[in-house]
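These notes concern the structure reproduced below.
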Amino acid sequence: MGLWAAVHAERRGIETRLVDAGQLGGGASGGLLGALMPHMPDRWSEKKQFQFDALVSLEAEIAAIEVATGLSAGYRRSGRLIPLPKPHLRKIASGHSADAEAHWKAGERRFHWHVLDRPPGDGWIDAAAGESGFVHDTLAARVAPRSLVAALGAFLRKARHVRVLQNTDILDLDPARGTASTGAGTIAFGRCILAAGYRSFPLLEKLTPGLQKPLGQAVKGQAALLAADIDPGLPTIFRDGLYVVAHEGGHVAVGSTSENSFADPFSTDEQLEVLIEAARDMVPALRDAPVIERWAGLRPKAIDRDPMVGAHPANRNLIALTGGFKVSFGLAHRLAEAAICIASDVPTEFLLPESFGISNHIAVSSR
Ligand SMILES: Cc1cc2nc3c(=O)[nH]c(=O)nc-3n(C[C@H](O)[C@H](O)[C@H](O)COP(=O)(O)OP(=O)(O)OC[C@H]3O[C@@H](n4cnc5c(N)ncnc54)[C@H](O)[C@@H]3O)c2cc1C
């Protein structure tokens, strides 16, 4: 999120320091999966519209970064396949087709929620996985997280208005004085956008009187990368929280666990092996595919589950940008643009859902 905020700052000519406790992209954004999954197209809301617009606009945003840097972010709108194991699920899915026709449109562009008897193409999901058919949606996409982060980092290292400061842990923030304390001294700021992933929550809590509960938590996730000779344009498979994502270069990502309690945040264990086995069962091409990496990270989940963006009510010099939880990659560029607009006192050209506001999260935490 912070990298996209710095990109928008650069484009608007705002003098910016990007401070990271480690290396850029060393947090949850440095993972393996990169699924860009739309919400269901039914019960349309301003939140779903925001996500839809973000998913559509991401394509051009990434293309601009790729052109500027000459690096690929591994982005492709390769769609999503959802197996339907029971007849009643097919009935529900068929209803969603009409919802997608009504809502998944942007100018001349249309995206679809097809319900099929068999999966499209060969060599991917086992047709037996969908006894009652398959959904094939054409809006979903994927990006290679590390490639994206590397491209954003390269853009920022060449930036005129952004200076990158790595390995600098911010220990405390004083928005009233406009200072951030680090082990190596104090950094002065006019406005501070706090995009420290799950570590944003304790920093915000210190500055927020009257809270009854934490503003957010870290939710652990584990994923794996397999090597397989597959077409990188194959759609992402999604079933009961299991994602199988075809990437470029013969890589397939499998994930993710969702763990509210854990002993070691960055280790992988049996829970990941269960997911890998489930993926091998569903996709014959993965049966003997070697695992080339296992990885774990901590997602930032805000108390009210939605992203957390906006000026802190006690001091508007501090702007929160976190809480992307399981869908950050599809929204980050838009949320970051909103944070930059707030920081520079200009209106956003799009509507930010009220439930995303930090004030909403503070109200929920204060009850
Ligand atoms: C296994 C797994 C699979 C996932 N799959 C997907 C997916 O398919 N699609 C999707 O959209 N999302 C997915 N997510 C979620 C997504 O990765 C996160 O929501 C997202 O990366 C969060 O981005 P962020 O910028 O808020 O936090 P981070 O990427 O964690 O970045 C925070 C940055 O702040 C820095 N920082 C922290 N504290 C400080 C401090 N005190 N001072 C200075 N710097 C600090 C960190 O070093 C880090 O670089 C997944 C997450 C996991 C764990």
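Note that ligands are numbered from 1 as they come in the structure, with each ligand's atoms numbered from 1 the same way.
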Side-chain donor-acceptor pairs under 3.5 Å in residues 121-134, sequence neighbours left out?
from	atom 1	to	atom 2	distance (Å)
W124	NE1	P235	O	2.8
D126	OD1	A128	N	3.0
S132	OG	K86	O	3.4

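- Between E61 and R11, at least one side-chain N (NZ, or NE/NH1/NH2) sits under 4.0 Å from a carboxylate O, which counts as a salt bridge.
- Among pairs with a residue in residues 137-156, those fulfilling salt bridge (charged side-chain N to carboxylate O under 4.0 Å, His left out) read R80-D137, R142-E248, R146-E293, at least two apart in sequence or across chains.
- With sequence neighbours left out, the ring-ring contact (aromatic ring centres under 6.0 Å, His included) criterion links Y243 to F238.
- When atom types are taken as modelled, the side chain of E46 and the backbone of L351 share no donor-acceptor pair closer than 3.5 angstrom.
- Atom NZ of K220 is separated from atom CG of D269 by 5.5 Å, given to the nearest 0.5 angstrom.
- Within 4.0 Å of ligand 1, counting heavy atoms only, the contacting residues are M1, V19, D20, A21, G22, G27, A28, S29, L33, G34, A35, T168, D169, I170, A195, A196, G197, R199, G221, Q222, S256, W295, G297, R299, P300, G324, F325, K326, V327, S328, F329.
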